[in-house]
Structures are given as structure tokens and as C-alpha cells.
Amino acid sequence: MKYFYKQLKNKENKILRGVLNTPDDFSEDKKYKTIIMFHGFGGDRNGSSFFRTDNAKFFTKKGYIVFRYDFSGSGESEGDFYDMTLSREIEEANMIYDDIVKQEFVLDNEITLYGHSLGGVISVILAERVNVKNLILLAPAVNLNDVNEESEKAKKELISKAYDDGFDIGGKIISYNFLKDAKKYDIYSYAQSFEQNVLILRGEEDIIVNDHCNKKLSKIYKKASYHVIENADHSFRDYYAREKCYELMDKFLK
């Protein structure tokens with residue numbers, strides 16, 4: 001797998017750093033099916049235990065090219081995580097998409113959005129606005145605005161870690177504006193008009209995103225398949241669980 005490091009600037013003039021992964025025989029004179037990966041809340045383009053890096057290796061062996069960026073305030077990109085909002089990341093995802101479709105080697109009618117957790121929410125919303133062929137959603141955090149017992153419990157836990165200037169999310173502080181901004185989005189509504197195929201994967205041991213909301217999302221989509229992966233947590237930190245994910249993705253994309 002080859003690496004081509006990329007940079008973009010968002011509207012605040014902050015640099016977003018990313019990478020394009022390609023097959024070893026990549027040529028700019030050819031056109032490729034493309035996967036755009038969006039990481040989750042507090043994550044980065046590589047993923048926990050290099051999940052997205054390994055997934056990119058799997059895809060490039062199948063002939064795909066893969067773009068992976070860090071949102072501003074995350075990973076190696078510039079910006080302050082404290083100010084992160086769903087709106088800001090949707091805007092950056094749209095900017096990343098717009099830049100990618102301009103590349104001569106990208107088949108613009110063969111683009112798959114791939115999102116994990118909050119990146120899954122971003123993919124759900126962006127797919128309603130742009131031209132994509134498929135959606136791969138890993139534990140999409142649509143429970144962000146869902147009203148059920150499990151979701152409310154998770155929100156109360158977050159609030160219990162509140163300080164005067166924001167929430168502690170495990171070593172990083174994020175502004176209260178994050179939840180205020182997220183409330184603007186009826187996430188499920190973006191799925192109603194999407195006509196293409198959707199694959200939703202969730203770990204059976206996931207304690208962050210619940211089964212109820214992912215199952216609900218799969219029923220709203222017109223062409224969705226939903227799979228619960230054994231022995232997998234929210235970050236799919238199990239070797240054989242990841243192998244099962246890759247197998248399902250490969251089958252889905254064929």
C-alpha cells in the first residue's frame with residue numbers, strides 16, 4: 001500500500017492533514033473506485049489499534065483507493081478540539097469530499113463513504129447532500145439525539161464529568177456548545193431519502209452506541225443491511241471481529 005500525504009485548509013485557515021492510500025501499482029492515469037473514511041469523536045484517521053490503517057490496507061489490496069483525514073482539533077490536524085462541533089465536522093467532510101471528486105484518478109460515480117461512530121453520523125448527513133454509491137457505517141452514533149433509556153443514561157454520564165468550561169471526554173475538554181449544536185440535527189431524517197446501499201456494523205459488546213438506534217436506522221434506509229459483530233466493542237478491538245468486518249465489507253462492495 002502506498003501513502004500520499006495530503007493537506008487542506010478549512011474556512012478558519014486551519015490545516016487538515018490526511019493521507020491517500022493506494023494499491024502498489026497506482027497510476028494517476030487510471031481511475032479508481034474510492035473510499036472516504038471519517039473517524040469518530042476524539043479519534044483520528046488511523047483508528048484504535050490501527051483499525052482504519054489496516055482496513056485501508058485491505059481495501060487497497062482489492063484495488064480501491066482510500067482517503068483518510070483528521071478533522072480539525074483531532075489527530076495531526078490543526079485547530080482546537082475544545083471548539084469541535086458536529087456542524088464543523090460536517091462542513092469539513094463536505095470540503096474533503098469536494099476536493100477528492102476533483103482528482104482525475106477518482107471515479108466520481110464510485111465513491112463510498114465510510115464512517116465510524118460520530119463519523120458515521122457525518123456520513124449519514126453528507127450522503128444526503130452529495131453523490132455517493134454506497135455507505136459503510138460502523139456503530140454510527142445516531143443515539144446522539146435519540147430518546148431512549150440507554151441514550152439518556154450515556155448523556156447523564158457525560159454531564160457527570162462536566163466542569164465550568166466543558167465536558168471531560170477522557171483527557172480532553174470539549175465545549176458545552178457541542179451538545180447544543182448537535183441538537184439541531186434530526187439524524188434519522190437524513191436517511192429517508194438515500195436510495196443507495198448501506199452496510200451497518202456494530203459490535204455486540206458496544207456500550208457507547210446501542211443496538212436500538214442502529215437497528216432503527218437500518219429500517220429507515222431503503223436498502224440497508226445490519227450486522228452485529230461477535231466479541232467486538234465500539235472500536236472493534238478484536239482481531240477476528242475485524243476480519244469478519246472486512247469479509248462483510250468485501251461482500252457488500254462486490
Side-chain angles (χ1 to χ4, degrees), residues 10-18 37-49 51-52 68-96 114-126 137-190 202-203 205-214 216-217 232-237:
N10 67 10
K11 71 175 186 179
E12 283 84 30
N13 214 33
K14 302 297 184 183
I15 294 174
L16 307 185
R17 294 187 171 92
M37 291 184 173
F38 296 126
H39 67 74
F41 182 78
D44 63 26
R45 67 179 185 254
N46 296 318
S48 178
S49 302
F51 183 27
R52 278 178 285 283
R68 298 181 285 127
Y69 274 88
D70 292 327
F71 289 117
S72 61
S74 294
E76 296 182 339
S77 291
E78 293 182 347
D80 194 338
F81 182 75
Y82 176 80
D83 298 316
M84 190 275 276
T85 62
L86 179 55
S87 291
R88 186 173 87 176
E89 294 202 343
I90 292 168
E91 185 176 79
E92 291 176 354
N94 211 143
M95 182 186 73
I96 290 166
Y114 167 123
H116 176 225
S117 196
L118 191 65
V121 172
I122 292 162
S123 297
V124 169
I125 294 171
L126 185 61
L137 306 174
L138 289 87
V142 289
N143 56 327
L144 188 64
N145 283 336
D146 203 8
V147 179
N148 63 68
E149 186 177 344
E150 289 180 88
S151 297
E152 293 306 305
K153 182 180 178 182
K155 288 172 189 174
K156 286 178 181 178
E157 184 178 348
L158 179 63
I159 292 169
S160 73
K161 299 176 182 177
Y163 296 96
D164 290 342
D165 53 351
F167 300 105
D168 186 322
I169 57 113
K172 300 287 283 185
I173 297 289
I174 190 167
S175 166
Y176 292 115
N177 194 45
F178 173 77
L179 288 179
K180 182 180 177 181
D181 173 79
K183 287 180 181 178
K184 298 188 300 187
Y185 294 91
D186 179 2
I187 301 167
Y188 293 109
S189 69
Y190 292 92
R202 177 187 168 274
E205 298 175 8
D206 191 337
I207 60 172
I208 296 173
V209 173
N210 59 64
D211 178 71
H212 167 82
C213 69
N214 277 189
K216 178 179 175 180
L217 179 66
D233 63 5
H234 185 63
S235 296
F236 298 85
R237 286 176 293 197

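Since we're looking at a predicted model, the values are computed, not measured.
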With a 4.5 Å cut-off on side-chain heavy atoms, are [Y] and [X] touching?
{"X": "Ser72", "Y": "Arg88", "value": "yes"}
{"X": "Asn214", "Y": "Val142", "value": "yes"}
{"X": "Leu144", "Y": "Phe178", "value": "yes"}
{"X": "Tyr185", "Y": "Val121", "value": "no"}
{"X": "Ile173", "Y": "Asp168", "value": "yes"}
{"X": "Asp233", "Y": "Ile207", "value": "no"}
{"X": "Ser74", "Y": "Met84", "value": "no"}

Using a 3.5 Å distance criterion without hydrogens, assess whether the side chain of [X] forms a donor-acceptor pair with backbone atoms of [Y].
{"X": "Asp80", "Y": "Asp83", "answer": "no"}
{"X": "Asn10", "Y": "Glu92", "answer": "no"}
{"X": "Arg202", "Y": "Val209", "answer": "yes"}
{"X": "Asn143", "Y": "Cys213", "answer": "no"}
{"X": "Ser117", "Y": "Pro140", "answer": "no"}
{"X": "Asp44", "Y": "Asp70", "answer": "no"}
{"X": "Glu78", "Y": "Lys14", "answer": "no"}
{"X": "Arg45", "Y": "Glu76", "answer": "no"}

Can you tell me how the ring of His116 sits relative to the ring of Phe51, calling it parallel under 30°, perpendicular over 60° and tilted otherwise? perpendicular

Report the relative orientation of the aromatic rings in Phe167 and Tyr176; use parallel for angles under 30°, tilted for 30 to 60°, perpendicular for over 60°. perpendicular

Measure centre to centre between the rings of Phe71 and Phe81, then say whether the value is under 6.0 Å. no

Report the distance from atom [atom1] of [X] to atom [atom2] of [Y], rounding to the nearest 0.5 Å.
{"X": "Leu86", "Y": "Asn177", "atom1": "CG", "atom2": "CG", "result": "11.5 Å"}
{"X": "Lys172", "Y": "Phe41", "atom1": "NZ", "atom2": "CZ", "result": "11.0 Å"}
{"X": "Arg237", "Y": "Ser49", "atom1": "CZ", "atom2": "OG", "result": "6.5 Å"}
{"X": "Arg68", "Y": "Arg52", "atom1": "CZ", "atom2": "CZ", "result": "8.5 Å"}
{"X": "Met37", "Y": "Leu138", "atom1": "CE", "atom2": "CG", "result": "8.5 Å"}

Tell me, yes or no, whether the heavy-atom count around Lys216 atom NZ, taken from other residues, nucleotides or ligands under 6.0 Å, exceeds 12. yes

Working for side chain to side chain contact (heavy atoms under 4.5 Å, CB included), residues Tyr190 and Leu126: CA-CA 9 Å; Tyr190 292 92; Leu126 185 61; over 6 Å; no

Looking only at heavy atoms, which two atoms of Leu137 and Gly120 are closest? And how far apart? CD2-O, 3.7 Å

